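What follows is a single structure, written as structure tokens, with notes after it.
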Amino acid sequence: MRATVVATPYPLPFTIGSRRLLAVEREVAPIAFTLEDILSGRLPGVPAMGHGEGYRVLSAPAHAEKRLREAMPGFLIGAREDYERSYIAMSGSYDDYLARFSGKTRSTLRRKRRKVEQAGGGDLDMRTYLTPAEMDQFLQLAIPLSRRTYQARLLDAGLPDNKDARAEMRELAADDRVRAYILFLDQQPIAYLYLPVAGHTLVYAHLGYDPDYAELSPGTVLQMAALERLFAEDRFQFFDFTEGDGAHKKLFRTGSVPCASFLMLRPSWANRALLNAHGLFEAGVAGAKQLAERSGFAATLRKRLR
């Protein structure tokens, strides 16, 4: 008997650049593939469909799509995003990891760290939060900072701030299944990193920094300092950057696997119209971007879309 999962509202976004123009909600249940699922070839069970309009499939490897289509014949598929799911294989030491970068990149990373240290007048001030009590301290400091980040303001991707989320974070901390870090400058938090643990994998869930300190690259400095401590633990097998592309992920990853995220919705006229409209919108945005690149106005267009 298949388990039934609860469908929750998912706002399907219509975005240009980092700006969301509108979002249309559908009640969908998640089907998520962990990195360990993907690399081992395991497939999570397809949950039974209760109420709601369908599923939001996250990070499905290519070999899993056939099973999903067979399990839900007739369902509409849309809002598809193909990407490389990036990760860091954490075998070896931190020095081994650094050795994979070019000499120029290593020098740049060291320079960024020194710049933060010099701005603070001493050693790097990065603090670790592990226990439930420490997680309360982390949230007290990181939530106000998260509200200032572009991740929260433009992407709705800031730290969750509700009773259920806080309870879950405390529970993870009680089970030693989370790592959280804050980078301070002059006793003020300027960047945070939140990493829940799934099996032997650290999940890159939330990273944010104060935009007033962007010239110091605090997110990059914090991530590298956190990785140094995490490699020293010698406990984890992978650091999972989860779904989505990005220059940041490509720079720091040691490997990747092709995946796709998409919606699978009941075959109603409303759902068909929504997915068709979203597909046409995405194609239009991509076409406009290509035209701008060819016409030499790409830089001006990107500036207007920020």
Side-chain angles (χ1 to χ4, degrees), residues 3 5-11 28-37 44 56 58-59 85 87-88 90 125-184 187-210 218-233 235-244 248-249 252 261:
V5 294
V6 177
T8 57
Y10 169 68
V28 293
I31 300 177
F33 292 78
T34 69
L35 180 64
E36 291 181 29
D37 287 337
R56 184 185 180 206
L58 299 171
S59 287
R85 183 162 178 169
Y87 61 90
I88 298 171
M90 299 188 70
D125 187 3
M126 183 188 75
R127 306 175 196 178
T128 304
Y129 302 84
L130 303 176
T131 67
E134 290 172 345
M135 196 56 56
D136 290 339
Q137 297 172 13
F138 171 79
L139 292 170
Q140 184 178 2
L141 294 164
I143 290 293
L145 174 57
S146 175
R147 297 191 186 113
R148 291 175 47 77
T149 66
Y150 85 90
Q151 290 92 343
R153 291 185 292 106
L154 298 179
L155 305 177
D156 291 335
L159 276 169
D161 184 18
N162 57 68
K163 182 179 179 181
D164 291 342
R166 288 173 179 268
E168 180 182 6
M169 292 178 180
R170 284 183 58 86
E171 181 178 345
L172 290 174
D175 292 339
D176 192 28
R177 290 189 293 129
V178 67
R179 298 290 182 270
Y181 304 91
I182 294 179
L183 178 63
F184 289 81
Q187 301 300 314
Q188 295 297 317
I190 64 170
Y192 65 86
L193 177 62
Y194 178 78
L195 307 169
V197 177
H200 301 286
T201 300
L202 294 149
V203 180
Y204 182 76
H206 298 285
L207 171 72
Y209 59 86
D210 190 327
T220 297
V221 173
L222 174 59
Q223 178 165 315
M224 293 303 294
L227 281 171
E228 184 174 12
R229 290 192 185 177
L230 291 165
F231 269 98
E233 284 195 49
R235 167 183 167 181
F236 305 104
Q237 294 181 6
F238 301 105
F239 185 104
D240 179 15
F241 284 106
T242 70
E243 63 270 4
H248 178 83
K249 298 179 181 182
F252 293 110
S261 293

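Just so we're clear, the structure is a prediction, and the values are computed from it rather than from any experiment. Atom set for the values below is all heavy atoms of this structure, side chains included, hydrogens, waters and symmetry mates excluded.
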Test of understanding: with side chain to side chain donor-acceptor pair (under 3.5 Å), list the residues that count as partners of [X], not counting sequence neighbours.
{"X": "Q187", "value": "R127"}
{"X": "T8", "value": "none"}
{"X": "T34", "value": "D37"}
{"X": "D164", "value": "none"}

Side chains of L58 and F33, heavy atoms from C-beta outward: is any pair under 4.5 Å?
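Answer no - side chains too far apart.
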Would you say the side chain of F236 lies within less than 4.5 Å of the side chain of I88, judging by non-hydrogen atoms?
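Sidechains of F236 and I88: no contact.
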Could you tell me the separation between the CD atom of Q188 and the CG atom of D210, rounded to the nearest 0.5 Å?
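Nearest 0.5 Å value for the CD-CG distance: 9.5 Å.
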Is a side-chain donor or acceptor of E134 paired with a backbone partner of L130 at a separation under 3.5 angstrom?
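Yes: the side chain of E134 pairs with the backbone of L130.
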Does the D175 side chain pair with the main chain of R177, one donor and one acceptor, at a distance under 3.5 Å?
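Here the side-chain-to-backbone pair does not exist.
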Intermediate values then yes/no, side chain to side chain contact (heavy atoms under 4.5 Å, CB included), L35 and F241
CA-CA 9 Å; L35 180 64; F241 284 106; over 6 Å; no
Identify the heavy atoms of [X] and [Y] that sit nearest to each other, and give their distance.
{"X": "E243", "Y": "S59", "value": "CB-OG, 3.4 Å"}
{"X": "P218", "Y": "Y209", "value": "CG-CB, 3.6 Å"}
{"X": "T242", "Y": "K249", "value": "O-NZ, 3.9 Å"}
{"X": "F231", "Y": "M90", "value": "CE2-CA, 3.7 Å"}
{"X": "I182", "Y": "P189", "value": "CG2-CB, 3.6 Å"}
{"X": "P160", "Y": "H206", "value": "CD-NE2, 3.5 Å"}

Got a list of side-chain donor-acceptor pairs under 3.5 Å for residues 196-205, not counting sequence neighbours?
residue : atom : partner : partner atom : Å
T201    : OG1  : E36     : OE2          : 2.7

Go through the structure and list residues passing ring pair (Phe, Tyr, Trp, His ring centres under 6.0 Å) with [X], not counting sequence neighbours.
{"X": "Y194", "result": "none"}
{"X": "Y10", "result": "none"}
{"X": "F252", "result": "H248"}
{"X": "F184", "result": "none"}

Where do T128 and R229 land on the side chain to side chain donor-acceptor pair (under 3.5 Å) test, with the steps shown first?
CA-CA 9 Å; T128 304; R229 290 192 185 177; 2.6 Å; yes
So does R147 pair up with D161, basic N to acidic O under 4.0 Å?
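Counted as a salt bridge, because a side-chain N and a carboxylate O are separated by less than 4.0 Å.
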Listed by chain and number, what are the side-chain contact (heavy atoms from CB on, under 4.5 Å) partners of A174, not counting sequence neighbours?
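Residues passing side-chain contact (heavy atoms from CB on, under 4.5 Å) with A174: P132.
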Using the test side-chain contact (heavy atoms from CB on, under 4.5 Å), find all partners of D176 that sit at least two apart in sequence or belong to another chain.
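R179, R235.
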For E233, does the CD atom sit with more than 12 other heavy atoms under 6.0 Å from it, leaving out its own atoms?
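Enclosed.
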Apply side chain to side chain contact (heavy atoms under 4.5 Å, CB included) to residues M169 and L159 and explain how you reach the verdict.
CA-CA 11 Å; M169 292 178 180; L159 276 169; 4.2 Å; yes
Under the ring-ring contact (aromatic ring centres under 6.0 Å, His included) rule, what pairs show up with a residue in residues 127-146, not counting sequence neighbours?
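Of all non-adjacent pairs touching residues 127-146, those that pass ring-ring contact (aromatic ring centres under 6.0 Å, His included) are Y129-F138.
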Identify which one of L145, L183, I143, L141 satisfies the side chain to side chain contact (heavy atoms under 4.5 Å, CB included) criterion when paired with Y192.
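Option passing the side chain to side chain contact (heavy atoms under 4.5 Å, CB included) with Y192: L145.
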